Q: 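Structure below; questions to follow.
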Amino acid sequence: MSDSGSFSGIVPEDRLVPPGRLLACSMTLSANNFEHIFLGALALFVVLECVLTMLQTHAADRAARHLPEPFVGRLSEAAHRKAADYTGETAQAALLLTFLGAAFALLMTFGHGLTFLTALAMGLSSNMLVVQWTLLALLLGAAALFEFPFGWFARFRVAERYGYMRRERGPWLARTARETLAGWLVSLPLVALLMALLEATGEYWWAAGWVLWVLYLVWRWGFSTAKGLFWGRRAKPVDDPELVALVRDYLAALGIEMTDLCIMTRPRSWDHSHLVLAGFGRHRRVVLFAHAAARLTRGELLALLAHDVGHIRHGHALLRVVLFSLVGALLFWTAGQLGDSPEFYAGFGLADVPLDRPGTHAGFMIACAIVAFPVLFYPLRPIVNLFSRLMQYDADRFAARVARPDDLVKALVRLHRDYATTLAPSRLYSLFHYRRPHAGMRIEAILTRAQKEGRALDDARFPYGFSMLLSELDRPVLERSALTRALADESEGSGTEHAEVLDEALDNRRYAVGLDEGNDLAEPRGGDGTHDSDAPRRASSGSRTANSETVPDFLLRTPSKMPSVPAETTDEANEDNDKTRKGDGADTKNNADTALSQPGAKDF
């Protein structure tokens, strides 16, 4: 009996579905599944961002009722209330960008935007490699144009309304347009090179892409600090034998051999750092950034060094590479499995992908990934951020064990930049949006741990083999005159942008964002706590020291014979009370022109 005859007694012949039509039905169903998965992920993305924005706004409003204790004396209640309002508006502006991203994803998929761009690219060339390159170039350009006006509102207009924007509208727009255009133009040859490499690897193009990703991670968290940026001519040796000996002896007690101590202005790509231990293994070059040298005492510098040593001793750089390599492996493997599936492309509205043509078709997959993967893998974001944040807390625990906890707390307070946004953001919002915890969260963890251990904040438990007079810990890292001389050569012949960076590093009025000019709590006070009427005159003369700023009373828990902070303050309070910027981090652009648009700061 034939196969068809075997079904005749079960299903009438007029009800049988031809094999070709059965395959088409299966294909349609699979495409519908992809469509439903994407729409569900997109809805989850938008709803969660709405909920997180409400939590952030309410957290900022609650926090405005009282200042966190570590920041008392740093800004007025009016400035704190203003920061809460600004935080709510920036969160809502970020939500606007979320809606924009969701609309762009829908336009490119179910609005057949990718289909239109593919048809346009195929009309320009018959070479599939050129078609894929053109598609990616058009997609990146469309995304930049789509985002530009809304990005102006979220990153400029809101800050301008609150008085936090430091540039005029015209120059800001011109600069942003130049940077956007330059980024797009730079991406074109890189995309072409990537397409050629992936095409050469054949069906395992996704594995080659993952290898390139891992190599980038190794460079970013390994070779770039060891043999890259921090070995250029801008890094100048510190001409202070006592400071060099202090840092060398302290690091030696922690198992690190210092090869050199240098100072330089902070590169824009390292906006989260205050110093770097560059190199491999035990041999490290210490690169201290100018803004930290201008504000810290030597005890606080040791606490920062201990924090970075904690990262080294606990292998955090390797853990970062492993984590992001695994995340990259998941993304590239998913792309490789779906890259030759017509159902996948049909599910995202791209039904005319010429899969019958020879080649890997990696460019089509990458185009879909650019649009869809940020939404599909959105739930991974808090997991990755949590991992990075735990490493910061771990390094803080190590630093508190081998240095004075109050020095670590004071360093966090002094170097915090963003008073324009709330000092107590929503923890859940922060977890979804920043790879680093807010400075206030880190300070709270340090104080809580010290309280549980019954340890005084001024208890100095330095590592075995290191000793020094406690009074030396309260000296400034470098006197202002020595710091100016060290950076003099760097400023010579530099461009306007670099001169602005140098000025920001040394001038707290430019370093800080969010403190009112007329805030009496931000003005220096005399040793008796009264208003110092001579402060403005001294401030204009530039006579400032790093350890003379106003510090909250709860940090002054040191023996009376040897206070951590001198009782008499000078006009440094006028400078450093004006400081701060954002402390959470990751993914927000740190622009010297304005306050960061999200709460938190990228601290060390």
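Because the structure is predicted, anything quoted here is derived from the model rather than measured.
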Q: Hey, can you tell me if F348 and F34 have their rings parallel, tilted or perpendicular (30° and 60° cut-offs)?
A: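 Taking F34 first and then F348, their aromatic rings sit tilted (interplane angle of 30° to 60°).
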
Q: A side-chain contact here means heavy atoms from C-beta on lying under 4.5 Å apart; do R284 and I312 qualify?
A: yes

Q: Can you confirm whether the side chains of Q392 and H316 place a donor and an acceptor under 3.5 Å from each other?
A: no

Q: Is E89 paired with K82 through a side-chain N to carboxylate O contact shorter than 4.0 Å?
A: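 Answer for the salt bridge query: no.
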
Q: Do V321 and S325 have side chains that approach each other closer than 4.5 Å (heavy atoms only, starting at C-beta)?
A: yes

Q: Check the pair R427, E444 against salt bridge (charged side-chain N to carboxylate O under 4.0 Å, His left out), reporting the backbone distance first and the verdict last.
A: CA-CA 13 Å; R427 291 183 178 273; E444 181 182 354; 2.8 Å; yes

Q: Taking the six-membered ring for Trp and the single ring otherwise, decide whether the centroids of F398 and H314 are under 6.0 Å apart.
A: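 Between F398 and H314, the centre distance is under 6.0 Å.
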
Q: So that I know where these two stand, are W213 and Y216 an aromatic pair - ring centroids less than 6.0 Å apart?
A: yes

Q: For L97 and A154, which heavy atoms make the closest approach, and how far apart are they?
A: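 That closest heavy-atom pairing would be CD1-CB, 3.9 Å.
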
Q: What's the verdict on side-chain contact (heavy atoms from CB on, under 4.5 Å) for L423 and H416, showing C-alpha distance, side-chain angles and the deciding distance?
A: CA-CA 10 Å; L423 296 171; H416 184 64; 3.7 Å; yes

Q: So, do T176 and F148 sit near enough that their side-chain heavy atoms are less than 4.5 Å apart?
A: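 The answer is yes; the side chains approach within 4.5 Å.
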
Q: Within a strict 4.5 Å, meaning less than it, do heavy atoms of the Y393 and M441 side chains meet?
A: yes

Q: Once you round to the nearest 0.5 Å, how far does CH2 of W210 lie from CG of L215?
A: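 W210 CH2 to L215 CG: 9.5 Å, rounded to 0.5 Å.
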
Q: If you round to the nearest 0.5 Å, how far is OG1 of T53 from CZ of F432?
A: 11.5 Å

Q: Between R397 and D394 (salt bridge meaning N to carboxylate O under 4.0 Å), is one present in this structure?
A: yes

Q: Carefully, step by step, assess L338 and E343 under the rule side-chain contact (heavy atoms from CB on, under 4.5 Å).
A: CA-CA 9 Å; L338 300 176; E343 296 91 340; over 6 Å; no

Q: Ignoring hydrogens and geometry, is there a side-chain-to-backbone donor-acceptor pair from R389 to S430 under 3.5 Å?
A: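 Flag set: sc R389 to bb S430 pair under 3.5 Å.
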
Q: Quick one: closest heavy-atom pair of Y86 and A159, and the distance?
A: OH-CB, 3.6 Å

Q: Could you check whether any side-chain N or O of S273 sits under 3.5 Å from a backbone N or O of L275, counting only pairs where one atom can act as donor and the other as acceptor?
A: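 No, S273 side chain to L275 backbone: no donor-acceptor pair under 3.5 Å.
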
Q: Between R435 (side chain) and N385 (backbone), is there a donor-acceptor pair under 3.5 Å?
A: no

Q: Taking L198's backbone N and O only, do any of them form a donor-acceptor pair with T201's side chain (distance below 3.5 Å, no angle check)?
A: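 Side chain of T201 to backbone of L198: a pair is present.
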
Q: Are there over 12 heavy-atom neighbours, none belonging to Y204, within less than 6.0 Å of that residue's OH?
A: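 No, not enclosed.
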
Q: Could you tell me whether a side-chain N or O of Q56 sits under 3.5 Å from a main-chain N or O of S426, the two making a donor and an acceptor?
A: yes

Q: Would you please classify the geometry between the F150 ring and the F146 ring as parallel, tilted or perpendicular, with 30° and 60° separating the classes?
A: tilted

Q: side-chain contact (heavy atoms from CB on, under 4.5 Å), that's the test. Do C50 and F99 meet it? Break it down for me.
A: CA-CA 10 Å; C50 290; F99 291 144; 3.7 Å; yes

Q: To the closest 0.5 Å, what do you measure between CG (L120) and OG1 (T134)?
A: 8.5 Å

Q: Would you confirm whether T98, through its side chain, and A94, through its main-chain N or O, come within 3.5 Å as a donor-acceptor pair?
A: yes

Q: Check the pair T334 / F377 against side-chain contact (heavy atoms from CB on, under 4.5 Å), numbers first and verdict last.
A: CA-CA 11 Å; T334 302; F377 291 95; 4.1 Å; yes

Q: If we count only N and O atoms by modelled type, under 3.5 Å, do the side chains of E49 and H433 hold a donor and an acceptor together?
A: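 Yes, H433 and E49 have a side-chain donor paired with an acceptor closer than 3.5 Å.
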
Q: In a check of side-chain contact (heavy atoms from CB on, under 4.5 Å) between F324 and each of V214, L319, L217, which one passes?
A: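 Going through the options one by one, the only one that passes is L217.
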
Q: Just how far is it from atom CH2 of W205 to atom NE2 of H361, taken to the nearest 0.5 Å?
A: 11.5 Å

Q: Side chain of W172, backbone of M165: donor and acceptor closer than 3.5 Å?
A: no

Q: Any chance you could measure L194, atom CG, to L136, atom CG, to the nearest 0.5 Å?
A: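 If I round to the nearest 0.5 Å, the distance is 8.0 Å.
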
Q: L331 versus W206: any side-chain heavy-atom pair under 4.5 Å?
A: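 SC-SC contact between L331 and W206 ruled out.
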
Q: How about L52 and L95: do any of their side-chain heavy atoms sit closer than 4.5 Å?
A: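 Answer no - side chains too far apart.
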
Q: Is the shortest side-chain heavy-atom distance between V287 and L277 below 4.5 Å?
A: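 V287 does not reach L277 side chain to side chain.
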
Q: Can you name the closest pair of heavy atoms from L114 and C368 and give their distance?
A: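 Minimum heavy-atom contact is CD1-SG, 4.1 Å.
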
Q: Has T90 got a side-chain atom pairing as donor or acceptor with T87's backbone, closer than 3.5 angstrom?
A: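 Yes; at least one donor-acceptor contact below 3.5 Å.
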
Q: Does some side-chain heavy atom of I366 sit less than 4.5 Å from a side-chain heavy atom of M195?
A: yes

Q: Can you tell me how far CZ of R157 sits from CH2 of W152, rounded to the nearest 0.5 angstrom?
A: 6.0 Å

Q: Determine whether more than 12 heavy atoms belonging to other residues, nucleotides or ligands lie under 6.0 Å from atom CD of E168.
A: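 Open.
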
Q: Do you know the tightest heavy-atom contact between L135 and F364?
A: CD2-CD2, 3.6 Å

Q: Identify the two heavy atoms, one from N127 and one from L129, that lie closest to each other, and give their separation to 0.1 Å.
A: OD1-N, 2.9 Å

Q: Under 3.5 Å, side chain of H36 to main-chain N/O of N32, donor-acceptor pair present?
A: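 Yes; at least one donor-acceptor contact below 3.5 Å.
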
Q: Crowded around F116 CZ? As in, over 12 foreign heavy atoms under 6.0 Å?
A: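 Open.
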
Q: Where is the tightest heavy-atom contact between A362 and Q132, given as atom of each residue plus distance?
A: N-OE1, 3.2 Å

Q: Using a strict 4.0 Å threshold on nitrogen-to-oxygen distance, state whether E160 and R167 make a salt bridge.
A: no

Q: So, does W184 use its side chain to make a donor-acceptor pair with the main chain of A137 at under 3.5 Å?
A: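 Checking the backbone N and O of A137 against the side chain of W184, a donor-acceptor pair under 3.5 Å is found.
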
